[in-house]
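Encoded as structure tokens, the structure appears first; notes follow it.
Predicted model, so just to flag it, every value in this text is computed and none were measured.
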2 protein chains.
Amino acid sequence: MPNYTASSLKAELNARGWRMTPQREKILYLFQNLPRGNHLSAEELHDLLEGQGEGISLSTIYRSVKLMSRMGILRELELAEGHKHYELNQPYPHHHHHIVCVQCNKTIEFNNDSILKQSLKQTEKEGFQLIDCQLTITTICPEALRMGWPSALPSNWSCTRAIADKK
Amino acid sequence: MPNYTASSLKAELNARGWRMTPQREKILYLFQNLPRGNHLSAEELHDLLEGQGEGISLSTIYRSVKLMSRMGILRELELAEGHKHYELNQPYPHHHHHIVCVQCNKTIEFNNDSILKQSLKQTEKEGFQLIDCQLTITTICPEALRMGWPSALPSNWSCTRAIADKK
DNA sequence: GAACATCCTGCAATTTATTCTCAATAAGCT
DNA sequence: AGCTTATTGAGAATAAATTGCAGGATGTTC
Ligand SMILES: [Mn+2]
Ligand SMILES: [Mn+2]
Ligand SMILES: [Zn+2]
Ligand SMILES: [Zn+2]
């Protein structure tokens, strides 16, 4: 995915029969200026824009992030929190993946070029067109492990078996 | 296949202060006998059990699949349909990943051992403990591409739905 | 194996994320 | 400018998922 500008976004929208709007431009701009590692929910995005005096209705937020995700401009993240998060979909070499702790939702990003490469290969082989690929690793973080996971952890729940039973 | 038995499931549950119940056993059994490539939502699981005369309340279904996912027995899939799906979490060499068409939700499974390997490496390097890893590739399928995606698609057109097994 | 503590289930009610409806507006085209 | 239609905002509607509670079941301890 290229780095979009207002006019390249407009071009891409128009090419598909869609329209450029101030709302879409503001959303793109916000994501492009978000520090790396930030993942916004629709609500958070709404509130952030609100705080900047750029009121955009929540309906439009939802419609926009969905559209922009399907266009490959944003990526829709399904981390472990019950709602979606969005971030800019950046091309190689900024493309990255996520490790998530199911105990505390801590999320860390990591780069791995070969995953995108293999995804592209697999996708082309099937005749599909890649929009995004995400490797999400669900884990228990070091803190939870230090606390004695799984037996000594506070009641709620814990995890048990890693599928890592060997090569 | 490294399947759980009723007694090994009971052992794991009890080790964490939880209990074996007929409901949990039936859910495990159902997933273990599900043809490969099937992904069940909570509702579908509920209906399937209902059809087998094994009525289990929907609340219990939800609670069970969540618990079993955190235990690493099931994996929770976030494909592009607005609700979660579940399948058995199988270790190498049955571990697999998914390609999904965002237009019609068609899903293809594929194996790729190096992804699990790299996930393990990355996870250990960070001091986390892996429960599951899923590479999800969001795409446009060949059918939708042939129909002129994105602009030329009739508003209610939809690809043929299928789940194809891939090697 | 009976008593006990507490975990689990089923049901209904509730929460929450996301989509939908529709009249008004505005973008893109000629 | 005028026309067509995509898009917006506001709220209602939908659907997935969670929760509170009372009765029932499970595992543990004597
Ligand atoms: Mn990220
Ligand atoms: Mn699968
Ligand atoms: Zn954690
Ligand atoms: Zn498709």
Write down the distance between [atom1] ([X]) and [atom2] ([N]), rounded to a whole number of angstrom.
X	N	atom1	atom2	answer
A:Lys26	D:dT7	NZ	P	17 Å
A:Arg19	D:dA6	CZ	C1'	4 Å
B:His46	D:dA15	NE2	P	17 Å
B:Arg70	D:dA17	CZ	P	13 Å
B:Leu67	D:dA17	CG	P	16 Å
B:Met20	D:dG27	CE	P	8 Å
B:Glu25	C:dC8	CD	P	15 Å

Using a 4.0 Å heavy-atom cut-off, write out nucleotides 9-18 of chain C from 5' to 3' as B (base contacted by protein), S (sugar-phosphate only) or - (no contact).
BBBB----SB
Heavy atoms, side chains only, cut-off 4.5 Å: are A:Met68 and A:Tyr86 in contact?
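No - every pair of side-chain heavy atoms lies 4.5 Å or more apart.
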Taking atom types as modelled, is there a side-chain donor on [X] or [Y] under 3.5 Å from an acceptor on the other?
X	Y	result
A:Asn112	B:Gln118	yes
B:Glu109	B:His39	yes
B:Gln23	B:Ser64	no

Least distance between heavy atoms, B:Gly72 atom then B:Asn89 atom
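Looking at all heavy atoms of both residues, the shortest contact is O-ND2, 3.1 Å.
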When B:Ile27 is tested against each of B:Ile73, B:Leu48, B:Leu67, B:Leu49 for side chain to side chain contact (heavy atoms under 4.5 Å, CB included), which residue passes?
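Looking at B:Ile73, B:Leu48, B:Leu67, B:Leu49, the match for B:Ile27 under the side chain to side chain contact (heavy atoms under 4.5 Å, CB included) is B:Leu49.
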To the nearest 0.5 Å, what is the distance between CG (A:Leu40) and NE2 (A:His46)?
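Separation between the atoms: 13.5 Å.
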Go through the steps to decide whether B:His98 and B:His96 satisfy the test ring-ring contact (aromatic ring centres under 6.0 Å, His included), and finish with yes or no.
CA-CA 7 Å; B:His98 301 91; B:His96 65 268; 4.8 Å; yes
Dump the pairs, protein N or O against N or O of nucleotides 28-30 of chain D, anything under 3.5 Å, distances to one decimal.
none

